[in-house]
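Comments concern the structure below.
When a ligand or atom number is given, it counts from 1 through the structure's own listing order.
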Amino acid sequence: MAILKMSHQKSQQIFEAAQSLMPGGVNSPARAFGSVGGTPLVIDRGEGAYIYDVDGNRLIDYIQSWGPMILGHKHPSVVASVEAALTKGFSFGAPTEGENELAELIIAAVKSVEKVRLVNSGTEATMSAIRLARGFTGRDVIVKFAGNYHGHVDSLLVAAGSSAATLAVPNSPGVTAGTSQDTLILTYNDSEGVRQAFEQHGSRIAGVIFEPVVGNMGCVIPDREFLQTLRDCTTASGAVLIFDEVMTGFRVAYGGAQQLWEITPDLTTLGKIVGGGMPIGAYGGRADIMDHVLPAGKVFQAGTLSGNPIACAAGSATLRELRDNSPYEYLETLGDKLTSGLQQAASAAGQNCCIQRVGSMMTLFFNPGPVRCWEDAAESDTEKFGRYFWGLINNGIYMPCSQYEALFISAAHTEEDIQATIDAARSTLASL
Ligand code: HOZ
């Protein structure tokens, strides 16, 4: 299946050497191309909308580090901000002014966030947010939705999307029954299921965590009724509503999905864009809940590198750029052009596909759709997706290597890049 026409020798050598160094040769499983076959490209550098592999191939990049690089690779103002921070030292394990700046930018942008805590990854953010929901309410049960992915937190790694779904371990070995016994799994977009769960278990539910646009089973869009039901049921029962905006924060709108859908959560988790490509995560929300976090309150959470100065510098520069030179209209134009181009290409090729998009995140499903929940997504033709993926790589287009991921457009992409992508998809889809 994985027939690579371009030169790939150096990538293969490096990936082969990596096999004895790291499990599966990678530091995160999605990168191994496990579900599409073949071996990954080893990346040398990025520039704007493009990445260059170690064999010198240039590709139009729609992964953009799985979301963080909304400005494209090496944006000059982010580079300048990081360079300035580097001259002062890398990490102190003590307060710095840069943390205030990033926290202020987040609080000003994300309506529900009155106070925020900076951590090191999206996984840490979701892990901490559910601990806080439990500590705040004194209850145990967390509701999550099948196919949503909230990082590799034990209790959330059940019926998980993203690489867990792609690599067929939605319930990972090592997650004990005890750890996940307080996780209640429901169906995305099923408002009635949510109402019933609250009728039966409401007094035990500490919180609901979900992706307010799913990126981790492909791009799936929530119904208005579903969103309102989540808000109404959590409010009525005193549970904490957590928007996992690690992917959607500063992506689908400057204020995240909560700005787009006009629903205010109690807590929000962030990551990816808020670090501008450096490792970071954040969780924040109502001050009366956040003040339960140590040392203001008693819910424990800590980290040597939390609020790292270099990550804060990259994140603040990215958010300032998004605030002062909003790319969201431009991203919508590019997203719209790509959607209609791919739709036409799929129809002309007789492929029964559906494309789902919110702003600059989207997925072409090999599935007639609509895809509204994990059961729908799981009906996609993943074998055909694999051939599509390699066809695009051979045409210089770098897409997520799984049907169960969303692609990301950056502000550095041009109309010409989008047209080149549509042209590549047209010939690829016709050849499947
Ligand atoms: N969990 C990421 C996709 N949703 C992939 C992370 C990576 O492999 O870098």
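- Side-chain atoms of Gln301 and Arg131 include no donor-acceptor pair closer than 3.5 Å.
- Every side chain to side chain donor-acceptor pair (under 3.5 Å) that Thr96 has, sequence neighbours left out, goes to Glu99.
- Taking only nitrogen or oxygen atoms, main chain and side chain alike, Asn216 reaches within less than 3.5 Å of ligand 1.
- Of the protein's heavy atoms, Ser28 OG, 2.9 Å lies nearest to atom 8 (O) of ligand 1.
- Polar contact check, Glu405 against ligand 1: a nitrogen or oxygen pair lies under 3.5 Å apart.
- Judged by distance alone, the side chains of Thr264 and Gln258 never bring a donor and an acceptor atom under 3.5 Å apart.
- In summary, the atoms of ligand 1 found under 4.0 Å from a heavy atom of Ser162, numbered by their order in the structure, are 1 (N), 3 (C), 4 (N).
- Scanning for side chain to side chain donor-acceptor pair (under 3.5 Å) contacts around Tyr62 gives Thr421, with sequence neighbours left out.
- Short contacts between ligand 1 and Ala30, defined as distances under 4.0 Å to a heavy atom of the residue, involve ligand atoms 8 (O).
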For this session: Would you check, one step at a time, whether the test side-chain hydrogen bond (donor to acceptor under 3.5 Å, both in side chains) holds for Asp55 with His8?
Result: CA-CA 6 Å; Asp55 290 285; His8 190 221; 5.9 Å; no
